[in-house]
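Notes follow the structure.
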Amino acid sequence: MAAEAERAARPQALCLVLLGPPGSGKGTQAQILSRRWGIPAISTGDMLRSAVTSGSELGRKVGSIMADGGLVDDHTMAEVVRRRLEHDDAAHGFLLDGYPRTLAQADTLEEMLQRQDRSLDGVVLIRVPEAELIRRTLSRRRLDDSEEVVRRRLRLYEEKTEPLVGYYQQRDLLRVVDGDRAIEAVTDGIEEAVGESA
Ligand code: AMP
């Protein structure tokens with residue numbers, strides 16, 4: 001079914017967060033599911049990278065933080081995401097890839113959605129064994145990323161983002177999917193986990 005028809009056939013909007021460490025494949029899955037479900041994949045990493053490329057004020061602010069593998073501050077991220085969620089195309093749902101990344105961001109997202117009279121339908125954690133993550137991230141790393149930067153990203157994920165697993169578990173939103181499989185098998189696993197399989 002074409003994405004538009006599929007969206008029309010689905011009675012409700014679907015607001016999802018994809019959670020997982022760098023190298024878990026969440027960006028790839030967000031793209032595939034976005035086409036399949038007709039809802040936008042919102043990648044904060046992609047948004048920030050285009051801001052850097054365009055040389056905007058935001059780009060100048062975040063460029064060196066990203067190059068070092070650090071996290072952009074919560075306030076800046078809240079502005080970026082709030083504006084994006086107000087776009088018309090996100091009215092029928094969205095797949096968030098790369099946000100939230102801290103507990104404060106998760107609280108902010110909840111508030112933002114509440115103000116729009118909606119809430120998350122689910123959070124999918126794509127789980128991949130650490131050795132495989134390191135193999136994947138080192139082999140696909142961008143030319144200017146040193147091994148040190150890659151390891152810093154993984155460490156920050158463990159410190160700042162992993163606590164979101166418990167946060168969403170408590171809210172009964174968390175679904176865990178095995179990401180250590182072929183791309184198509186992971187996609188099927190996500191569809192099954194959120195009850196969207198055809
Ligand atoms: P990603 O493509 O999701 O790995 O994001 C690339 C980089 O953008 C990250 O390493 C961070 O520097 C920055 N970034 C993206 N999303 C966020 C976020 N939610 N909070 C803080 N920094 C972020």
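Model, not experiment: these values are computed from the prediction. Start at 1 and go down the list; that is how both ligands and their atoms are numbered. Atom set for the values below is all heavy atoms of this structure, side chains included, hydrogens, waters and symmetry mates excluded. Numbers here are sequence positions counted from 1.
- Distances between N or O atoms of Ile65 and those of ligand 1 include no value under 3.5 Å.
- For atom 4 (O) of ligand 1, the candidate residues are Met66, Arg101, Met47, Lys26; the nearest heavy-atom contact is made by Arg101.
- To the nearest 0.5 Å, the span separating CZ on Phe94 from CG on Leu113 amounts to 4.5 Å.
- Among the atoms of Gln105, some N or O lies under 3.5 angstrom from an N or O of ligand 1.
- The side-chain tip of Arg101 does not point at the ring of Tyr99 from less than 6.0 angstrom away and within 45° of straight on.
- Around atom 11 (C) of ligand 1, the closest heavy atom drawn from Gly45, Gly98, Gly70 belongs to Gly70.
- A salt bridge is absent between Glu86 and Arg83: the closest approach of a Lys/Arg side-chain nitrogen to an acidic carboxylate oxygen does not fall below 4.0 angstrom.
- Scanning for salt bridge (Lys or Arg N to Asp or Glu O under 4.0 Å) contacts around Arg118 gives an empty result, with sequence neighbours left out.
- Proximity to Arg153 (heavy-atom distance under 4.0 Å) selects the following atoms of ligand 1: 10 (O).
- Electrostatic pairing of Lys61 and Glu57 does not count as a salt bridge here, judged by no charged N lying under 4.0 Å from a carboxylate O.
- Any N or O atom pair closer than 3.5 Å counts here, and Gly69 shares no such pair with ligand 1.
- At a cut-off of 3.5 Å, with distance as the only test, a side-chain donor of Asp74 or Thr102 sits close to an acceptor on the other residue.
- Within the structure, the closest approach of Pro22 to ligand 1 does not fall below 4.0 Å when heavy atoms are considered.
- Residue contacts with ligand 1, taken as heavy atom pairs separated by less than 4.0 Å, involve Met77 solely via side-chain atoms from C-beta onward.
- Checked by distance only, ligand 1 and Arg49 come closer than 3.5 Å through their nitrogen or oxygen atoms.
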Can Ile42 and Leu95 be said to form a side-chain contact (heavy atoms from CB on, under 4.5 Å), step by step? CA-CA 6 Å; Ile42 300 180; Leu95 287 149; over 6 Å; no

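- Using a 4.0 Å cut-off between charged nitrogen and carboxylate oxygen, Glu132 and Arg135 count as a salt-bridge pair.
- Of all the heavy atoms of Leu48, the ones lying under 4.0 Å from any atom of ligand 1 belong exclusively to the side chain.
- Atom 21 (C) of ligand 1 has its nearest heavy-atom neighbour, among Thr161, Val72, Thr102, in Val72.
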